[in-house]
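Input: a single structure, listed below in structure tokens.
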Amino acid sequence: MISTQAWADARRLWDYHQMGHTPRPCSVAIGLGSHDLGVADTAVDLYKQGMAPLLVFTGATSPTTQERMPRGEAVHYRERALELGVPSSVVLVEPNARNTGDNIKFSRAVLEEAGVQVTSVLLISKPYEERRAYATACKLWPGIEFVSASTPMTFEEYVDSIQDAHLVIDMLVGALQRLLVYPEQGFMISQPVPDDVREAYERLCRQGFTSRLLATNP
């Protein structure tokens with residue numbers, strides 16, 4: 001059973017992980033690969049709203065996506081976009097990234113090779129990865145304005161879509177830990193973490209929501 005306190009703490013982390021940006025037109029939209037085809041769907045929605053003239057999908061495979069997306073996350077995202085009516089001419093694929101840092105570095109290289117001038121990026125991720133993606137991108141691609149976006153949904157809706165509440169909370173906890181430790185390792189910029197968010201994270205760690213933690217003291 002997941003306690004009432006754990007649900008409240010998880011919801012607090014969920015809210016913190018989202019940047020609260022309002023989508024606006026950018027030079028390009030980059031969809032970060034994962035198990036979630038909703039990233040591709042959201043990228044298509046934003047493209048059709050005129051928020052970006054070009055889409056980049058980035059991602060190889062991982063243990064969690066190899067079976068579902070055997071051709072690679074970025075390739076499956078592209079196929080999804082084409083199914084939804086996006087012209088192939090406005091979709092670029094970066095098929096090698098295996099983490100968020102790679103997503104940013106390799107997408108930047110693909111755009112530079114294509115001669116695309118970039119001043120702003122609509123950065124599309126899973127809802128609970130918005131802040132991590134933003135902090136990573138700001139570190140690895142300075143001078144660019146990043147606007148975070150994800151599929152609009154509540155914490156409860158996301159849990160329903162995954163059908164594994166414990167796993168979702170584990171992922172929220174793991175993403176928060178990375179925001180705490182990765183800046184010191186040079187992987188992302190530092191983000192202010194309010195006391196109530198840090199306390200919620202620590203309570204969830206003590207309650208055993210730790211499967212996605214790095215091998216370090218949380």
Side-chain angles (χ1 to χ4, degrees), residues 2-21 30-36 39 58-59 62-65 73 97-108 121-151 153-156 158-159 162 164-218:
I2 297 174
S3 69
T4 300
Q5 181 66 63
W7 278 112
D9 288 338
R11 195 174 295 110
R12 186 169 287 108
L13 264 60
W14 172 270
D15 291 342
Y16 172 73
H17 282 308
Q18 297 184 59
M19 297 295 295
H21 292 169
I30 298 178
L32 306 186
S34 72
H35 65 272
D36 188 354
V39 173
T58 167
S62 71
T64 58
T65 62
E73 296 154 7
R98 296 190 178 277
N99 56 56
T100 307
D102 284 353
N103 289 142
I104 303 305
K105 291 184 291 186
F106 296 170
S107 294
R108 179 181 182 180
V121 171
L122 194 57
L123 197 59
I124 306 167
S125 66
K126 300 186 295 294
Y128 69 89
E129 291 280 8
E130 277 194 22
R131 190 173 294 274
R132 176 183 176 183
Y134 176 83
T136 303
C138 289
K139 177 69 176 183
L140 298 178
W141 201 350
I144 299 298
E145 182 176 0
F146 292 97
V147 178
S148 295
S150 62
T151 305
M153 60 194 333
T154 66
F155 170 62
E156 289 77 11
Y158 192 77
V159 170
I162 300 298
D164 188 338
H166 203 291
L167 175 61
V168 172
I169 298 176
D170 283 351
M171 293 189 294
L172 294 172
V173 170
L176 197 285
Q177 184 204 30
R178 285 156 177 79
L179 287 167
L180 294 173
V181 303
Y182 275 179
E184 296 179 0
Q185 299 175 18
F187 296 150
M188 62 174 65
I189 64 169
S190 179
Q191 295 278 284
V193 181
D195 289 343
D196 64 330
V197 173
R198 190 182 293 265
E199 291 164 2
Y201 160 77
E202 292 171 350
R203 280 193 296 268
L204 291 169
C205 286
R206 290 195 296 269
Q207 292 181 49
F209 294 97
T210 56
S211 73
R212 294 304 176 101
L213 290 180
L214 301 166
T216 185
N217 186 348

(message) Please determine whether side chain to side chain donor-acceptor pair (under 3.5 Å) holds for the pair S125 and E130, giving the CA-CA distance in whole Å, both sets of side-chain angles, and the decisive distance to 0.1 Å.
(response) CA-CA 6 Å; S125 66; E130 277 194 22; 5.6 Å; no
(message) Is the shortest side-chain heavy-atom distance between L13 and V173 below 4.5 Å?
(response) yes
(request) Just jot down the side-chain contact (heavy atoms from CB on, under 4.5 Å) partners of T58, sequence neighbours excluded, or say none. (result) I30, L32, E94, A97, N103, S107
(request) Please list, chain by chain and in numerical order, all residues satisfying side chain to side chain donor-acceptor pair (under 3.5 Å) with R178, sequence neighbours excluded. (result) none
Listed pairs under 3.5 Å, donor-acceptor, residues 182-192 side chains, sequence neighbours left out:
{"from": "Q191", "atom 1": "OE1", "to": "R131", "atom 2": "NH1", "distance (Å)": "2.8"}

(request) For residues D164 and L167, report the shortest heavy-atom separation together with the two atoms involved. (result) OD1-N, 3.0 Å
(request) State, to 0.1 Å, how close F209 and D170 come at their nearest heavy-atom pair, and which atoms those are. (result) CA-OD1, 2.9 Å
(request) Could you tell me the separation between the OG1 atom of T100 and the NZ atom of K105, rounded to the nearest 0.5 Å? (result) 11.0 Å
(request) Apply ring pair (Phe, Tyr, Trp, His ring centres under 6.0 Å) to H35 and list each qualifying residue two or more places apart in sequence or on a separate chain. (result) none
(request) Could I get the full list of side-chain contact (heavy atoms from CB on, under 4.5 Å) partners for R203, not counting sequence neighbours? (result) Q5, D9, R12, E199, A200, R206, Q207
(message) Other residues, nucleotides and ligands only: do more than 12 of their heavy atoms fall within 6.0 Å of CG on D195?
(response) no
(request) Using the side-chain contact (heavy atoms from CB on, under 4.5 Å) rule, take Y201 and L180 through it: C-alpha gap first, then chi angles, then the decisive distance, then the call. (result) CA-CA 11 Å; Y201 160 77; L180 294 173; 3.6 Å; yes
(message) Parallel, tilted or perpendicular, judged at 30° and 60°: which one describes the rings of F155 and W7?
(response) perpendicular
(message) Once rounded to the nearest 0.5 Å, what's the spacing between atom CD1 of I169 and atom CD1 of I162?
(response) 13.0 Å
(message) Test your reading of the model: is there a side-chain donor-acceptor pair from H17 to the backbone of L172, 3.5 Å cut-off?
(response) yes
(message) I need the minimum non-hydrogen distance between I2 and A165, along with the two atoms involved.
(response) CD1-CB, 3.7 Å
(request) Locate the shortest heavy-atom distance separating V39 from S34; write the atom from each residue and the value. (result) CG2-OG, 4.2 Å
(request) Report yes if the side chains of T136 and K139 come closer than 4.5 Å at any heavy-atom pair, otherwise no. (result) no
(request) Output yes when a side-chain donor or acceptor of Q177 lies under 3.5 Å from a complementary backbone atom of L214, and no otherwise. (result) yes
(message) Could you check whether any side-chain heavy atom of S150 comes within less than 4.5 Å of a side-chain heavy atom of K126, counting everything from C-beta outward?
(response) no
(request) Using the test side chain to side chain donor-acceptor pair (under 3.5 Å), find all partners of Q18 that sit at least two apart in sequence or belong to another chain. (result) none
(request) Classify the ring geometry between Y128 and W14 as parallel (under 30°), tilted (30 to 60°) or perpendicular (over 60°). (result) tilted
(message) Going by ring pair (Phe, Tyr, Trp, His ring centres under 6.0 Å), name the residues that satisfy it together with Y16, two or more places apart in sequence or in a different chain.
(response) none
(message) My understanding is that only residues two or more places apart in sequence, or in another chain, count here; which of them pass side-chain contact (heavy atoms from CB on, under 4.5 Å) with H21?
(response) M19, Y134, V147, S148
(request) Not counting sequence neighbours, which residues clear side-chain contact (heavy atoms from CB on, under 4.5 Å) with T154? List them please. (result) E156, E157
(message) Nearest 0.5 Å, please: how far is CG in L204 from OG1 in T210?
(response) 10.5 Å
(request) Work out which heavy atom in A135 is nearest to a heavy atom in L179; give both atom names and the distance. (result) CB-CD2, 4.4 Å
(message) Donor-acceptor pair, distance only, cut-off 3.5 Å: does the side chain of S3 make one with the backbone of A6?
(response) yes
